[in-house]
Amino acid sequence: MPLYEFICNDCHNQFETICTTSETASVTCPACGSIKIRKLLSVTSSLKTGGSGGNSLSSLPSAPSCGRSGFS
């Protein structure tokens, strides 16, 4: 199962939980019990730390800007 990152809109607690995609709608904040949470966009751990291959976000090629596919 995937690991999801959330932030609570009420107490601003940031937390992670392992659940299926369908279960993300029923996740509550472990600190205050609020249902007012939102899923955060996260980067894989290998990109956060640079990974074992020396790759990092700065070494990745840039994506084409909107409106240009960059492909033939």
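Counting heavy atoms from C-beta on, the side chains of C11 and S34 never come closer than 4.5 Å. Between C32 and N13, every side-chain heavy-atom pair lies at or beyond the 4.5 Å cut-off. By the 4.5 Å heavy-atom criterion applied to side chains, E5 and K39 are not counted as neighbours.
Taking CG of D10 as the reference point, atom NZ of K36 lies at 5.0 Å (rounded to 0.5 Å). To the nearest 0.5 angstrom, R38 atom CZ is 10.0 Å from C8 atom SG. Annotation: the span from S26 atom OG to I35 atom CD1 amounts to 10.5 Å, rounded to 0.5 Å.
The environment of L40 atom CG is dense: over 12 non-hydrogen atoms of other residues, nucleotides or ligands sit within 6.0 angstrom.
A continuous path of Ile, Leu, Val, Met, Phe, Trp and Tyr side chains, each step under 4.5 Å between heavy atoms, connects L3 with M1, placing both in one hydrophobic cluster.
Between T21 and T24, the shortest heavy-atom contact is O-OG1, 2.8 Å. The two residues V27 and I37 come nearest to each other via the heavy atoms O-CD1, 3.1 Å. The two residues T17 and F6 have their closest heavy-atom pair at CG2-CE1, 3.3 Å.
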